[in-house]
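For reference, the structure is listed below as C-alpha cells.
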Amino acid sequence: MQRTRAQTALMVPVTVLALALSACGGSSGTGSEDQGAGTQKDTLTLGQTADIEGYNITLQPSYQGWFGDAVWDTLLTCDELNNPSPQIAESWEISDDSTSATLKIREGQTFSDDTEIDAADIQASGELIATVNARFEGVKYDIADPNTITLTWPEPQAVMISRLCELGVTSSEAIEGGHLDETPVSSGPYELDAGSTTRGSTYTLTKREDYWDSETYPYQNLVLKVLESETAGINALKTGQIDGVLASAATIDEVKASGQEAITLSGATTRLLITDHKGESIPALGDVRVRQAMNMVFDRDAIAKQLYRGYATPAYQIFREGTDAYIEGLEDPYPYDVEKAKQLMEEAGYADGFDLQIPSVSGQNHDLLIPYIAEALGKINIKVTETPLTGPDAISNLLSGTYPVPLWQLGNYGDSRQDIVDYILPSGIWNVLHQEDPKVADLWNTVLTGTEEESAQAQKDINQYVIDQAWFVPMAYPNGFYAYNPEVKIPHVSDFANLHPLLRDFQK
Amino acid sequence: MISILVKNLLRSVGVLLTVTFATFALMYGDGRGIARAVLGVNASDEQVQQEVIRLGLDQPLLVQYFSWAKNALTGDLGRSFFTGESVTSALSTRVPVTMSLVFFTLVLMIIISVLLGVASALYGGWLDRIVQFVAIGGAAIQAYIIGIVLVFLFAVIWRIFPATGYVSPADDVNGWLLSITLPVLALLVGAIANAASQFRSAVGDTLQQDFVRTLRARGIPEWQIIFRHVLRSASGPGLIVLSLGVISLFGGAVFIELIFALPGLGQLAQSTAILGDVPMVMGALLVTVLVILVVNFLADLAGAALNPKSRIK
C-alpha cells in the first residue's frame, strides 16, 4: 500500500511518541549509570549555576571554579584560613619585607602534554595573568635554575600567600602557541575530554594517572553541568543527575526533605558600604554622627529572623569569626534606637535628612533588602532611591564611585587582611571612592611590617576603627548552602571564601 | 507568484537589517562595562581599557556594525568576548536543541489542534466547550509553569523522564526523545490552546459558506468535504497561526530551556545578553530571525499555492 504525504507526515510524531513512551520503561533517565550495585561511584557530577568563561587560564572564576581547580594547579594551595600547602612548589620562602617569594618546584611534575613543569612555565603563566589581573602587575621573575624561581612584587604584599595560591600554571608552549581558548593544557589532576564535552552545557574531565597528588582526588571522572536556573539544579540533584549544587534559603528545606545532605556556609556579610567618609559627594556622609545614625536604624535581630527567615546571624562587624581582625564578644555597637539616631542626625545638622541613591543588581537579593533599607533609613529622613543597574555595565557602574553607598553581600575571607585590602584600603575594589585615611594607613603599615602578634592586633584595631567611624552598616551573616548527594562525602570545606566546597573537598 | 517571491525577499532583507542593527545599537556602549565583565574585578583600569581596544569596542557604532555585518555575510560570526569560542561552533550545538523543541512542538501542535478544531467546529456541544476551556486555560498558564509541574510529576516523583539536560540523537536516540519530551509537552499546551481555537473559528466559518452546503447537497462524503475542501479554504488563517506559532515557540523556548537546562539558542541568548557578549547575542539573534523569516516566507508561498484568491491584489 502506498502512503500519501499526509499519512507519512502523520506517522512521524506518532512514531516519536510511541518511541518515547516505549523508552520510558527501561531507563530512569538519570546520569547515575556508574553507581552499579556493590561498586563505588567513579564519576563526580557537579552542577554549577554559571558557565565558565571558556578554557583560557586567565579568565577562570574563583566562585564555583571547579573547572580551574581540576585543570590547573597553582603554585601553593591555601585552606580556608589561608594556611598554605605545597602544590606546584614543594617549598617556599617569603622575604622579610613581604615583597618576594622564592619557590622550589617539585621535580618530575608534568603537564597533560607530558612536558615537564619548570620555572619558565611559572614565569610565562604569571606574565600572562598579569595582563588581566592587577594583583600580578609589575611582578619580576628571577629564575635561578629550572626548579627555583623568585617572584618579586613592586610593593609589600600582606597577603602574599593568597597571591601564590591564586597563580595557576599552564605550559609556556601552550601560551606561545596562542590556542588557550581552544585547548587547556593541564597541570592539575584532570584533563578535558573534549569529545564528551558540550561547551556551555557539560564539561567532562578525566583523571590524569600520573598526577603527583592523585589520592586527593578519588573520582576517576569529573562532569560539570551548567544549570543556570536554581530550580533546574535542585531538580537535577533530587533525581540523581548531579551530585552537588548550591542551594539557597528558599530551596534548602525542600532539598533536605528529599534526602539530600547539605552544608551550611557563612562566607558573606550583608552590608551597606558608606565609602564617602569625607563627604565629597554627599556632605552629610562626612559626619561620623550621620554614619552612626544610619547604623542605629537597623534591627539586626529582625533582619536575621524575618528578612532571612532565620537563615542568618546578626552582624555587628564585617569580618569572619576566628580571623585576626574579628573582635570576639563584641556587643552591638549601635543597638537599634531610632530616637537616638534622630538625635544624632539633629546634632550633625541633618535632621531633615538627605537623598541617597542605592544601586541594585539582579540576582543579589536586593529586591528583598532595598525596600527594608529604604524604610529603615526613611526613619531618619534619608530618602532612598533604588537605582537598578542592569546589563554588562552593572558591576562597572557599581564600582565606579557614582554611588557612594553600595549595598552588597561581600565575602568575609579566612584571612582578614584580604578583607582589609578589598574593602578598607584606599586601593580596595569596594572602597569605591578610594578615600585615604591616615589612621588606617598607619595601622596597615604595622600589619605589613610588625610581628605576627602586632599584625593581628593592628587588624583588630582597624576593625575597631571602622566600627567607631561607622564606615559600614553590617547587617547579617546570611547562610549559604551546598546541597549534595549522600553518596558523596564532603568532610571539610577548604574554600578561603567559604562559599562552597573546593574540588579537593569531594571525597568517597 | 514571482512578484510575491521578490517582494517577500526584499521585505525579509529589510527586516533582517533593521532587527540586527537595532539590537546592535541597544547593546552599544562605551565598552568598559563589557571589558570589565570579561576581565573581572581584579583588573586595573588600564587593563580594562586595553581590553576595550582589543575587542574593538572603542570603535563607533556604525563601524562596529558594518564590520560585523560584512563578516557575517562571509559566514564569519566572530568569537565570544568571554569564552573565545567561535560563534558558529556554539550555534552548531545550540541550534539543533532549539530546533528539536520547536519542530516537534509544531508538528504535534498542527496535528492536535487541527483535529480538535475540526471536531469542535463540526460537533460543537461538550467537545466545543472543552476546546474553548483548553484555549483559555492554556493561554493563561505560562509554559514555564507547566514545565515546572511536569518536572515535578514526571521527573521528580515518577522518575520517567530526566529533569534536566539534552542528549544528542547522534549519541542516543532514546535518550534524545526522553530529554525533549517534557519540554515539548510544556510548550505544546499553550501552542495547542491558541491554534485549536483559531482552527475551530476558521473551520466553523468555512462550514457556514454556501459551497459547503452545495457539496453536501451533492452527496459528497463528509470527510471528503472536510479534508479536501473546508481545510483547504481554512488554510489561510491556519498558516498564519502556524507562522505565529513558530515565533511564539522561539519565545517560549527561552524559559523552557532554562527550566530544563537545555543548551539551546534561548539559553545562549539569555546568558550572553546579560553579559554583553555581543558576538554571541548577534549570532543567536541572526539564526532566530532567519528561521522566522523563512517560516513566514514559506507560509506566504504555501498560502498562495493553496488558495489562488490570496494572490490577487
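Every heavy atom of this structure was used, including side-chain atoms; hydrogens, water molecules and symmetry mates were not. Remember, it's a predicted structure, so these values are computed and weren't measured experimentally. Proteins get letters first, then strands, A, B, ... in listed order; numbering begins at 1 in each.
A donor-acceptor contact shorter than 3.5 Å links the side chain of Thr170(A) to the backbone of Val185(A). For the pair Thr197(A) (side chain) and Thr204(A) (backbone), a donor-acceptor distance under 3.5 Å is present.
Evaluated for a side chain to side chain contact (heavy atoms under 4.5 Å, CB included) with Ile146(B), the options Val189(B), Leu187(B), Ile259(B) yield exactly one hit, Val189(B).
Heavy-atom distances place no part of Glu51(B) under 4.5 Å from chain A, backbone and side chain included. Heavy-atom distances place no part of Leu180(A) under 4.5 Å from chain B, backbone and side chain included. If you measure heavy-atom distances from Asn133(A) to chain B, the contacts under 4.5 Å come from both the backbone and the side chain. Interface residue Ala130(A): only backbone heavy atoms are found under 4.5 Å from chain B. In this structure, the portion of Thr131(A) lying under 4.5 Å from any heavy atom of chain B is its backbone and not its side chain. Within the 4.5 angstrom heavy-atom criterion, atoms from both the backbone and the side chain of Val156(B) approach chain A. Neither the backbone nor the side chain of Glu230(A) comes within contact range of chain B; no heavy atoms are under 4.5 Å apart. Interface residue Ile34(B): backbone and side-chain heavy atoms are both found under 4.5 Å from chain A. Heavy atoms closer than 4.5 Å to chain A are found in both the backbone and the side chain of Val38(B).
When each of Asp181(A), Ile429(A), Asp393(A), Val132(A) is checked for heavy-atom pairs under 4.5 Å with chain B, Val132(A) comes out on top. The choice from Thr93(B), Ile148(B), Ile274(B), Asp277(B) that makes the most heavy-atom pairs within less than 4.5 Å of chain A is Ile274(B). Comparing Arg94(B), Gln267(B), Gln50(B) by how many heavy-atom pairs each has under 4.5 Å with chain A, the most go to Arg94(B). In terms of heavy-atom pairs under 4.5 Å with chain A, the best-connected choice from Gly29(B), Ser44(B), Ala35(B) is Ser44(B). Options Ala134(A), Ala236(A), Ala50(A) differ in how many heavy-atom pairs under 4.5 Å they form with chain B, and the most are formed by Ala134(A).
The aromatic rings of Trp408(A) and His366(A) lie perpendicular to each other, with more than 60° between the two planes, well past the 30° mark. Ring planes of Tyr55(A) and Tyr203(A): perpendicular class, angle over 60° (limits at 30 and 60°).
Residues Ser80(B) and Thr83(B) bring a donor and an acceptor atom of their side chains to less than 3.5 Å of each other.
Two residues are said to be in side-chain contact when any heavy atoms from C-beta on lie closer than 4.5 Å; Glu254(A) and Lys238(A) meet this criterion. Counting heavy atoms from C-beta outward, Leu101(B) and Glu257(B) have side chains that approach closer than 4.5 Å.
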Audit row: Tyr403(A), Leu389(A), side-chain contact (heavy atoms from CB on, under 4.5 Å) steps and yes/no: CA-CA 11 Å; Tyr403(A) 308 100; Leu389(A) 301 179; 3.8 Å; yes
